[in-house]
Trainee: 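Below you will find the structure I want to go over with you.
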Number of protein chains: 2
Amino acid sequence: MDDIDRQLLVLLQQDASRPYAALGEAVGLSAGATHERVRKLRERGVIRRTTVEVDPAAVGQGVLAFVMVESTRWVGDSGDRFSAIPEIQEAHVIAGSASALVKVRTSTTQQLQDVLRRIYAIDGVSGTQATVVLETFFERPVTL
Amino acid sequence: MDDIDRQLLVLLQQDASRPYAALGEAVGLSAGATHERVRKLRERGVIRRTTVEVDPAAVGQGVLAFVMVESTRWVGDSGDRFSAIPEIQEAHVIAGSASALVKVRTSTTQQLQDVLRRIYAIDGVSGTQATVVLETFFERPVTL
DNA sequence: GTTGAAAAACTTCCTTT
DNA sequence: AAAGGAAGTTTTTCAAC
């Protein structure tokens, strides 16, 4: 992981469909060498995957909320239970008063309520505290 | 936005480097027609961009925290102030007791503390409450 | 939406440093 | 071990239908 690798990651984050020749030119390498570096970044798991960013509102997921989940039991094994709820985009175990923090996207607040109900059904969950997002300033990739 | 468009989005989220011919085969279209549909999805902003997912830990950003920000003033105009802090990956205006919720990634808790200090320096900010993530179960794209 | 041909890009291999 | 260069193959692009 030298500086050239970091530059490549920045460029790929901006536009992963850029040709290797253009990438190489930007960092001062040939297309072949660039290709080899990116291949290794994938191999080492630094690049997890190539994907497209979808506008949530455009696919009917205009409601965003963060939910603090309290539990009477250790939540460390409940990852699959959260994962089974497709509206949950992220799930984290947290330090502090609550036990887990999840990020939820739905089309309506009605659906959000239904997600909360399903979270409640997870073993040990004793409470939820939902925070609804009014406006998202920005969401961006990891800064390098 | 018909069902084929949704299928294409799912496939592209999984792997955006897949060739159009393979995409087309999966949804029952020719490569040309597939290309045209994806082009329109980009044009309409449903697809925001093609990017790579970088493992935060691999680039020295192993510490993740969510910070509730309280403010004595309307935060709706402070988006640029949050955006100026590169460690902030997301910033949202929220309903409820706090005023904003931001997602922060740093390499150390020391650096996290420094980010909190910079958040405090934003006009009107009267308090922060950081929640440190112990383990991330998952982070995934918008579910379609 | 489909087909087919030209242009561009990707992958692989080999040489060089 | 890493980068440069060139050839073969695939993909993308852009017509016409």
Side-chain angles (χ1 to χ4, degrees), chain A residues 1-61 107 139-144, chain B residues 1-62 86 105 107-108 139-144:
Chain A
M1 265 299 282
D2 59 5
D3 192 55
I4 291 182
D5 282 335
R6 265 183 290 276
Q7 284 183 53
L8 288 174
L9 288 175
V10 169
L11 293 169
L12 286 172
Q13 277 182 341
Q14 290 167 2
D15 182 5
S17 64
R18 197 180 320 227
Y20 286 121
L23 274 179
E25 191 180 5
V27 300
L29 257 67
S30 72
T34 304
H35 179 258
E36 180 64 7
R37 276 185 180 259
V38 174
R39 191 190 63 74
K40 283 179 184 166
L41 285 170
R42 282 183 209 284
E43 189 181 70
R44 283 158 44 203
V46 177
I47 295 177
R48 286 190 174 139
R49 62 172 164 180
T50 304
T51 186
V52 293
E53 253 183 45
V54 174
D55 179 10
V59 293
Q61 310 239 24
S107 55
E139 293 180 290
R140 60 190 176 197
V142 178
T143 309
L144 299 162
Chain B
M1 265 296 283
D2 59 5
D3 191 57
I4 291 181
D5 281 336
R6 265 182 290 275
Q7 285 183 53
L8 289 173
L9 288 175
V10 170
L11 292 168
L12 287 171
Q13 277 182 341
Q14 290 168 2
D15 182 5
S17 64
R18 197 180 318 227
Y20 286 122
L23 274 180
E25 190 179 5
V27 300
L29 259 72
S30 71
T34 305
H35 180 259
E36 179 66 7
R37 276 184 180 258
V38 174
R39 192 191 64 72
K40 283 180 184 165
L41 285 170
R42 282 183 210 285
E43 188 181 71
R44 285 157 44 202
V46 178
I47 293 176
R48 286 188 175 142
R49 62 173 163 178
T50 303
T51 186
V52 292
E53 253 185 45
V54 174
D55 179 10
V59 293
Q61 309 238 25
R105 283 191 194 273
S107 56
T108 63
E139 292 180 291
R140 59 189 177 197
V142 178
T143 309
L144 299 161

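Reminder, nothing fancy here: chain letters follow the sequence lines and each chain counts from 1. Keep in mind that the numbers below use all heavy atoms, side chains included, and drop hydrogens, waters and symmetry copies.
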Trainee: Could you check whether any side-chain heavy atom of Val27(B) comes within less than 4.5 Å of a side-chain heavy atom of Leu11(B), counting everything from C-beta outward?
Mentor: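 A side-chain contact exists here, since the closest heavy-atom pair is under 4.5 Å.
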
Trainee: Identify the two heavy atoms, one from Gln13(A) and one from Leu144(A), that lie closest to each other, and give their separation to 0.1 Å.
Mentor: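 For Gln13(A) versus Leu144(A), the nearest heavy atoms are OE1-CD1, 4.1 Å.
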
Trainee: Rounded off to whole Å, could you give me the CG-to-C1' distance for the Leu41(A) and dA2(D) pair?
Mentor: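 Rounded to the whole Å, the gap is 14 Å.
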
Trainee: So which heavy atom on Arg49(A) is nearest to which on Gln14(B), and how close?
Mentor: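 Closest approach of Arg49(A) to Gln14(B), heavy atoms only: CD-O, 3.9 Å.
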
Trainee: Hey, are Arg39(B) and Glu36(B) close enough for a salt bridge, meaning a charged N less than 4.0 Å from a carboxylate O?
Mentor: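 Result for this pair is yes, salt bridge flagged.
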
Trainee: Just by protein heavy atoms under 4.0 Å, how would nucleotides 4-17 of chain D read 5' to 3' in B, S and -?
Mentor: B------SSS----

Trainee: Have a look at the helix from dG1(C)-dC17(D) to dT17(C)-dA1(D) and give the angle its two end axes make, five pairs each, rounded to 10 degrees.
Mentor: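 Taking five pairs per end, the axes differ by 30°.
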
Trainee: Give the rounded distance in Å between these two atoms: CD of Glu25(A) and P of dA8(C).
Mentor: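 Rounding to the nearest Å, CD of Glu25(A) and P of dA8(C) are 16 Å apart.
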
Trainee: If the test is side chain to side chain contact (heavy atoms under 4.5 Å, CB included), which one of Asp5(B), Leu41(B), Val38(B) qualifies with Val46(B)?
Mentor: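 The residue from Asp5(B), Leu41(B), Val38(B) that satisfies side chain to side chain contact (heavy atoms under 4.5 Å, CB included) with Val46(B) turns out to be Leu41(B).
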
Trainee: Give the minimum heavy-atom separation between Val52(B) and Ala16(A), together with the two atoms involved.
Mentor: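 Where Val52(B) meets Ala16(A) most closely, the heavy atoms are CG1-CB, 3.9 Å.
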
Trainee: Grab the CD-P distance between Glu43(A) and dA2(D) for me, whole Å please.
Mentor: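 Rounded to whole Å, this separation is 11 Å.
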
Trainee: Please indicate whether Glu25(B) has more than 12 foreign heavy atoms, meaning atoms of other residues, nucleotides or ligands, lying under 6.0 Å from its CD.
Mentor: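 Atom CD in Glu25(B) is not crowded, with 12 or fewer foreign heavy atoms closer than 6.0 Å.
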
Trainee: Restricting to non-hydrogen atoms, name the atom on Pro56(B) and the atom on Val142(A) that form the minimum distance, rounded to 0.1 Å.
Mentor: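 So the two residues come closest at CG-CG2, 4.0 Å.
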
Trainee: So, OP1 or OP2 of dA2(D): does either fall under 4.0 Å of a side-chain N or O from Lys40(A)?
Mentor: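 Checking dA2(D) against Lys40(A), a side-chain N or O does come within under 4.0 Å of OP1 or OP2.
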
Trainee: Ignoring backbone atoms, test whether Arg39(A) places a side-chain nitrogen or oxygen under 4.0 Å from the OP1 or OP2 oxygen of dT11(C).
Mentor: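 No.
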
